[in-house]
Amino acid sequence: MSIHKEVKRVTTHVLQKMKEDGEKISMLTAYDFSMARIFDDAGMDVILVGDSASNVMAGHETTLPITLDQMIYHASSVVRAIRRSFVVVDLPFGSYQGNSKEALSSAIRIMKETGAHGIKIEGGEEIIESVKRIISSGVPVMGHLGLTPQSIYKFGTYAVRATEEAEAQKLLKDALLLQEAGCFAIVLEKIPALLGKQVAESLHIPTIGIGAGKYVDGQVLVMHDMLGINKEFKPRFLRRYLNLYEDIYNATRQYINDVKGQDFPNENEQY
Ligand code: KIV
């Protein structure tokens with residue numbers, strides 16, 4: 001069901017309308033022009049230039065090392081491909097935690113230098129001043145609660161968050177604060193489905209889940225996981241739509257064999 005597929009440009013208003021009309025929001029990460037063009041052509045509502053680029057594009061163990069300049073490079077490549085989707089860019093670790101002025105200048109660099117439509121920021125109460133300051137400058141902000149990978153060394157594990165009542169209550173409170181501050185949507189990562197339901201029902205803005213169950217207002221996945229480019233990463237929440245690792249591996253093997261066996265190029269593949 002896609003009530004809003006005829007929309008020429010997805011905006012924060014369209015996303016809000018989707019929540020109100022009960023249409024689930026589709027969101028996927030992208031980090032380069034070619035993949036972003038395919039996702040946009042396919043009708044993706046939101047494309048996230050996630051700091052997961054640190055893992056899947058650069059090979060780091062965590063999202064911490066990626067820089068603002070590197071995020072800007074990925075985001076501007078993505079934005080050049082886009083005709084319809086709403087593009088959100090992560091504020092990377094170290095680009096906003098100092099104070100709200102630093103957060104605002106990082107957000108402004110992203111908006112000015114990439115042409116993206118909004119930013120995403122991890123955290124609740126502790127970053128609320130920064131969220132307010134960015135929004136007051138006119139930049140749409142998406143929150144991110146639950147498992148926030150930039151805090152992985154504080155958590156010590158990638159396990160499901162907010163399974164205990166105290167953390168669940170804090171998450172709900174943070175979600176309400178982010179909504180009150182003016183966020184247009186919130187990502188909920190790796191939390192129990194019933195908590196996802198409670199948050200989605202308590203907020204009037206959209207909630208977008210990754211491992212947050214089926215009751216939230218939309219779903220997001222990392223493209224490498226969804227397309228099966230990563231073989232090792234197999235969390236319970238992940239549905240793989242392709243097995244691209246195998247396909248690319250086999251095609252690569254075939255190409256090597258064709259070159260070595262002098263099968264490629266043939267008569268029709270030369271001038
Ligand atoms: O960086 C990212 O890809 C994300 C998603 C996991 C939501 O933040």
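These values consider heavy atoms only, across backbone and side chains, with no hydrogens, waters or symmetry-generated copies. Both counts, for ligands and for their atoms, begin at 1 and track the order of listing. For the single chain, residues carry numbers from 1 onward in sequence order.
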Check each atom of ligand 1 against the heavy atoms of [X] and keep those under 4.0 Å away; list them by number with element.
X: His144; value: 8 (O)
X: Thr29; value: 3 (O)
X: Asp51; value: 1 (O)
X: Gly50; value: 1 (O), 2 (C), 3 (O)
X: Val222; value: 3 (O)
X: Ile210; value: 6 (C)
X: Asp90; value: 1 (O), 2 (C), 8 (O)

Query raised in the report: Counting both backbone and side chain atoms, is some N or O of Glu189 under 3.5 Å from an N or O of ligand 1?
Result: no
Report task. Using distance alone, decide if ligand 1 has a nitrogen or oxygen within less than 3.5 Å of any nitrogen or oxygen in Tyr31. Result -> no
**Report entry** Lys120 heavy atom under 4.0 Å from ligand 1
**Finding:**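 Lys120 counts as a contact of ligand 1 under the 4.0 Å cut-off.
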Query raised in the report: Any non-hydrogen atom of Glu122 lying under 4.0 Å from ligand 1?
Result: no
Query raised in the report: Less than 4.0 Å between a side-chain N and a carboxylate O, is that true for Lys234 and Asp225?
Result: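 No, this pair does not count.
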Query raised in the report: Can we say Asp217 and Lys19 salt-bridge, meaning some charged N sits less than 4.0 Å from an Asp/Glu carboxylate O?
Result: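 Looking at Asp217 and Lys19, the cut-off is met.
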Would [X] and [Y] count as having a side-chain donor-acceptor pair, cut-off 3.5 Å?
X: Tyr31; Y: Ser52; result: yes
X: Asp258; Y: Gln254; result: yes
X: Asp40; Y: Ser85; result: yes

Query raised in the report: Hydrophobic cluster mates of Phe264, side-chain heavy atoms under 4.5 angstrom, ILVMFWY only, any path?
Result: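 Its cluster partners, ordered by chain and number, are Tyr255, Val259.
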Report task. For atom 4 (C) of ligand 1, find the nearest protein heavy atom and state the residue, atom name and distance (0.1 Å precision). Result ->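 Answer, as residue, atom name and distance: Leu48 CD2, 3.5 Å.
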Query - atom 3 (O) of ligand 1: the protein heavy-atom neighbour that sits closest, reported with distance to 0.1 Å - result: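 Result: Ser52 OG, 2.5 Å.
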**Report entry** Side-chain heavy-atom pair Ile66, Met57 within 4.5 angstrom cut-off
**Finding:** no
Requested in this report: Classify the ring geometry between Tyr249 and Tyr245 as parallel (under 30°), tilted (30 to 60°) or perpendicular (over 60°).
Outcome: parallel
Query - Option passing side chain to side chain contact (heavy atoms under 4.5 Å, CB included) with Glu113 (candidates Ile108, Ile72, Val79) - result: Ile72
